Number of protein chains: 2
Amino acid sequence: MDLKLATEIAKCLSNPTRLQIMEWLKEPETHFPPHETLQHFNDGVCVTYIQEKAGLSQSTISTYLTNMEKCSLLVLTRHGKWSYFKRNEETLKEFSEFIL
Amino acid sequence: MDLKLATEIAKCLSNPTRLQIMEWLKEPETHFPPHETLQHFNDGVCVTYIQEKAGLSQSTISTYLTNMEKCSLLVLTRHGKWSYFKRNEETLKEFSEFIL
DNA sequence: CAAACATATCTATAATTCTCGATATATAAA
DNA sequence: TTTATATATCGAGAATTATAGATATGTTTG
């Protein structure tokens, strides 16, 4: 973890909606309805569910999630037409160690 | 630590200069010259030294430090005409626990 | 008390981020 | 193979942040 990446990560976390999403993704089953096809949250939550819960536009949330994935805060897994995002605990740990 | 405070803290950390200052303050003695009057860094580093090392204007750095202190990332101690800033490890730990 | 010094605050402009609607792309379903 | 669904990307205007110079405030020193 270098200064540049840590700054990008902090930028992602510096918006209440994005930080809230990170919190929700700690426990997807308590914050989101079950998916239509998948019977689990192993790969996280799909964009639509996150968008509906956040209450911002689809494009905004999609951009948020894409950026969070680019700095490896989130991991993206595609299943058919759905994109699932889950937390990358490893990155969070490295960021945490960087600032402490 | 609630969402609002955590967001403010992340905002402070989301700028490369501010994040760099937090890093420098981990080891003041290796990054800053000794102070004129104080023989230690127990209360951190004075604004001028941080400003000179960062290379931004006095007003900018002063504003940075004041804001970082407002969300308790830094602790301010005044000695005469100098303001010393040091890291607040407790807040960093709480922020860290919040995101993990 | 006046001058010098350290820091804080004010004001303003440039740069960046926020957020949306529109549109494009990709997959699935009919 | 058209249509519906899910997500991504583009373009733009509004809001916020970055940053500086000027100035104010508070402290020390002569």
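Since this is a predicted model, take the numbers as computed values, not measurements. Naming convention: chains lettered A, B, ... in sequence-line order (proteins, then strands); numbering from 1 in each chain.
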With the side chain of [X] defined as its heavy atoms from C-beta on, choose the nearest nucleotide among [options].
| X | options | result |
| --- | --- | --- |
| B:Ser62 | D:dA18, C:dT7, C:dA6 | C:dT7 |
| A:Thr63 | D:dT9, C:dC20, D:dA6 | D:dT9 |
| A:Thr60 | D:dA20, C:dT19, D:dT7 | C:dT19 |
| B:Thr66 | D:dT9, C:dG21, C:dT9 | C:dT9 |
| B:Lys81 | C:dT7, D:dA8, C:dC5 | C:dC5 |
| A:Cys46 | D:dT7, C:dA6, C:dA8 | D:dT7 |

Can you check whether A:Leu3 reaches A:Phe98 side chain to side chain, under 4.5 Å on heavy atoms?
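Heavy-atom side-chain distance check passes, below 4.5 Å.
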
Under 4.5 Å between any side-chain heavy atoms of B:Arg78 and B:Asp43, yes or no?
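A side-chain contact under 4.5 Å is absent here.
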
In whole Å, I'd like the distance from the [atom1] atom of [X] to the [atom2] atom of [N].
| X | N | atom1 | atom2 | value |
| --- | --- | --- | --- | --- |
| A:Ile61 | C:dG21 | CD1 | C1' | 15 Å |
| B:Leu76 | C:dT7 | CG | P | 10 Å |
| B:Leu13 | D:dA18 | CG | P | 12 Å |
| B:Glu52 | C:dA6 | CD | C1' | 12 Å |
| B:Gln51 | C:dT7 | CD | C1' | 11 Å |
| A:Leu56 | C:dC20 | CG | C1' | 10 Å |

Would you say C:dT19 has OP1 or OP2 under 4.0 Å from some side-chain N or O of A:Asn15?
yes

Verify the contact: side-chain N or O of A:Arg78 to OP1 or OP2 of C:dA26, cut-off strictly under 4.0 Å; return yes or no.
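No, because none of the side-chain N or O atoms of A:Arg78 sits under 4.0 Å from OP1 or OP2 of C:dA26.
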
So, do B:Tyr49 and B:His31 have ring centers that fall under 6.0 Å from each other?
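No, too far apart.
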
Taking for each residue the nucleotide of DNA chain C bearing the nearest heavy atom, is the 5' side occupied by A:Gly55 or by B:Lys70?
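Looking at DNA chain C, the more 5' nearest nucleotide goes with B:Lys70.
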
Please name the pair of heavy atoms, one in B:Met22 and one in B:Leu13, separated by the smallest distance, quoted to 0.1 Å.
CG-CD2, 3.9 Å

Students often get this wrong, so: under 4.0 angstrom with heavy atoms, is [X] touching a base, only sugar-phosphate, or nothing?
| X | value |
| --- | --- |
| B:Tyr49 | nothing |
| A:Tyr64 | sugar-phosphate |
| A:Ser83 | sugar-phosphate |
| B:Leu65 | nothing |

Distance-only donor-acceptor test, B:Gln58 side-chain atoms vs C:dA8 base atoms, 3.5 Å:
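In this structure, the two groups form a donor-acceptor pair.
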
For the side chain of A:Ser59 and the base of C:dG21, is some donor closer than 3.5 Å to an acceptor across the two?
yes

How about B:Lys26: does its NZ atom have over 12 heavy atoms from other parts shown lying under 6.0 Å from it?
yes

